[in-house]
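Below: one structure, written as structure tokens.
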Amino acid sequence: MKLTDIEIESSIYPEMGQYKDGFGRRNEEVLLDILQRNRDTEFGRSHGFGAITDEKQYREKVSVSGYSAYRDMIRRMREGEKNILTADPVYCYLKTSGSTEAGKVFPITVEALKRYGDTMDRYMAHRAGNGKRFFLSLLFGDTDHRCRPEETMIFTSACYRYMYEQGRLDMTRMAGGKELLFYKESCDYLYVKLWLAFAEPDIVSMETVYMYDFLLFFQYMEDHYAEVLADMEAGNVPEDRGLPESIRQALSGLTVSKDRIETIRRECEKGFQNIVPRLWEKMQLVSGIGSKAFQVEEISVLKYTGALPVWHYIYAASECLMGVPVAENSYDYVLFPEGAYFEFRETEKGREEENRILSAAELVVGRSYEPILTTYSGLYRYGMGDVLKLTGFYGDLPIFCFRHRRNLVLNIAGEKLDMEILDRAVRYWSRDRKRPVWQYFFSEDYHSVPACYRGVIALDHDAGDLERGEETAYLDKLLRRLCTDYDELRDLGSIAMPDLAFVDKAEFMGYLSIRKSTEGQTKPQHIFREK
């Protein structure tokens, strides 16, 4: 259902209304401001920023590029050279998880963080009122000193750390406060967070970076709630938990009544369907980044959270904060116009205009595009690699949903099957076969001729009674229905029947153990690249 402007304005940040008309003019103003600021940098001088007066000139002088064009300049900046890409002070460097290639590092400037402001936090603070907010992800950092430019963080940590330093993050409203949100040492954070959540009966919001983090948290709750409650009952965190002394003391110092502990134990013993509203009666919503490409995991999370609304609070990457959600329970984001200068590259397969660079006014609803960014942190016409589908407009501002990473597709023989199609196939299989899926991954297997997809699907319950060949054939049928190219290549014999394994959650944990976790935040990896 298409949302009206009034419905959007009642849901998103109130200040967005001022940007909805005249975006083209405002977008050019942002560009010229960035160029003026950086005209005397090494990059600005070599590309004639000082003489550029409009978008057309900028596009003529600066080519679209990717990370390889910046790698050496960013290295020099990290070694202490100034005025290379940006004249504004660098707050810190952001590291990526490397979902499509080796991890990358980007500068983020103080000016960029000022522009992002408290956009990430304002809605949650409003909804929480005077209640306690539970933040699952960890925001590592030593808050006893201001961030040093040489520090390396993840995007959300930098934003929240900056807000804290500016006095705009009220730690008294966070369950656990500063001591358990900004601690330095790496440890079993799920143990810490579960104890903390159990200890706070009046939590009104559960927040994380990626919705997928909740799936890991609730699985941990199922497996370890009895141990954590026993430690809480004893009023002591055992030393063999391996937690730093400061965290052990902070947890042990939380006052938890025997009635609360017994209530939690009784409710957990009943099962974990709708466990969140049963344990936290004041809970109003859960929040974390999600997309249509990761609905399988989110459906698994909803088993625990029930009918509580979900707020996919930002669309962002290390390069830039690009969008805010249009409403609760929506995967659509409206462009955040103050964060960067935006262009868009056509990505629709088979179109003659593919790879044309377009302005927002030239976009067509229903088509897919890659954002091309010029940022306040020193990226110029940077192709970020995400593919977004345009779903509408809020005034002049594009509304879009994330589809997949441009280079992260299954592509044995030219089919280019992306994460959105893969996720739909698995969801339809789960629905039709009445088998809740917990997680899954697929990869290309070239060990046989013809090559095939190899996949592992972890079910929420025991998978022992499944007939593997029958279920594989049904999923293959769904893939053929959803992807014309895959269907044709299967008919031609260029791709063989998938090779699938159906396992339970415990077996799947072996795969999770080789996943890289980034400071208490993770995201699903549906397409797995083998070395």
Side-chain angles (χ1 to χ4, degrees), residues 15 19 26-53 55 57-58 61-62 65 67 69-96 104-121 141 145-169 314 316-322 335-343 371-384:
E15 65 268 25
Y19 303 127
R26 180 58 189 142
N27 199 33
E28 186 172 38
E29 289 174 356
V30 168
L31 170 64
L32 296 178
D33 183 49
I34 292 172
L35 300 183
Q36 178 67 15
R37 286 171 172 274
N38 297 299
R39 65 190 184 280
D40 294 326
T41 62
E42 180 181 302
F43 193 95
R45 291 193 302 271
S46 66
H47 290 82
F49 282 5
I52 296 175
T53 59
E55 295 168 299
Q57 293 177 3
Y58 177 62
K61 289 180 177 291
V62 181
S65 59
Y67 187 72
Y70 291 88
R71 183 178 286 109
D72 186 60
M73 287 181 283
I74 292 173
R75 175 190 59 77
R76 290 166 55 201
M77 291 171 65
R78 296 185 72 191
E79 291 173 353
E81 292 190 50
K82 306 293 184 184
N83 285 321
I84 304 298
L85 289 170
T86 176
D88 286 311
V90 172
Y91 181 75
C92 69
Y93 288 86
L94 304 178
K95 54 187 175 183
T96 72
K104 302 182 286 287
V105 178
F106 296 94
I108 185 169
T109 63
V110 174
E111 179 61 29
L113 287 169
K114 285 180 181 177
R115 287 176 171 269
Y116 301 157
D118 53 0
T119 297
M120 294 172 57
D121 197 55
H145 66 78
R146 295 231 165 209
C147 180
R148 295 182 293 265
E150 63 269 21
E151 290 189 48
T152 305
M153 297 186 188
I154 56 175
F155 179 87
T156 47
S157 292
C159 291
Y160 278 99
R161 176 75 174 272
Y162 176 76
M163 283 192 287
Y164 175 79
E165 292 176 359
Q166 298 299 308
R168 291 159 49 197
L169 191 63
I314 57 167
S318 299
E319 295 91 335
C320 185
L321 190 158
M322 289 169 281
L335 192 73
F336 180 67
E338 291 296 292
Y341 170 71
F342 294 95
E343 302 170 85
I372 307 298
L373 308 174
T374 296
T375 75
Y376 280 91
S377 293
L379 298 178
Y380 304 97
R381 306 200 78 199
Y382 180 88
M384 67 165 298

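Being a predicted model, the structure only gives us computed values, none of them experimental. Each residue takes its place number in the sequence, starting with 1.
Side-chain contact between L169 and Y160 is present, with heavy atoms from C-beta onward closer than 4.5 Å. Using a 4.5 Å heavy-atom cutoff, the side chains of T375 and Y382 are not in contact. Counting heavy atoms from C-beta on, the side chains of F342 and L373 come closer than 4.5 Å. The closest side-chain heavy-atom distance from K114 to V110 is below 4.5 Å. At least one side-chain heavy atom of E165 sits under 4.5 Å from a side-chain heavy atom of Y91. For the pair I74 and P107, the minimum side-chain heavy-atom distance is below 4.5 Å. For the pair D40 and N83, the minimum side-chain heavy-atom distance is 4.5 Å or more. Annotation: side chain of F49 is not in contact with side chain of R37 (no heavy-atom distance under 4.5 Å).
Ion pairing of E29 with R26 is present here, as a side-chain N (NZ or NE/NH1/NH2) and a carboxylate O approach within less than 4.0 Å. A salt bridge links R115 and D33; the closest N-O separation between the charged side-chain nitrogens and carboxylate oxygens is under 4.0 Å.
The nearest pair of heavy atoms linking Y376 to D88 is O-OD2, 4.4 Å.
With hydrogens and angles disregarded, a donor-acceptor distance shorter than 3.5 Å links the side chain of Y67 to the backbone of V105. Side-chain N or O atoms of S377 include one that pairs as donor or acceptor with a backbone N or O of T109 at under 3.5 Å. Looking at E343, its side chain never comes within 3.5 Å of a backbone N or O of R381 through a donor-acceptor pair.
Within the model, atoms CE of M153 and NZ of K95 stand 9.5 Å from one another, a figure rounded to the nearest 0.5 Å. The distance from the CG atom of L321 to the CD1 atom of I108 is 9.0 Å, given to the nearest 0.5 Å. Atom CD1 of residue I154 and atom OG1 of residue T152 lie 12.0 Å apart, to the nearest 0.5 angstrom. Rounding to the nearest 0.5 Å places CG of L32 at 7.5 Å from OG1 of T53. To the nearest 0.5 angstrom, C320 atom SG is 8.5 Å from L379 atom CG.
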Requested in this report: Take R78 and V90, measure what side-chain contact (heavy atoms from CB on, under 4.5 Å) needs, and give me the verdict at the end.
Outcome: CA-CA 10 Å; R78 296 185 72 191; V90 172; over 6 Å; no

Report task. Take H47 and Y58 through the side-chain contact (heavy atoms from CB on, under 4.5 Å) test and state the conclusion after the steps. Result -> CA-CA 9 Å; H47 290 82; Y58 177 62; over 6 Å; no

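Checked against a 6.0 Å centroid threshold, the rings of Y70 and Y380 do not count as neighbours.
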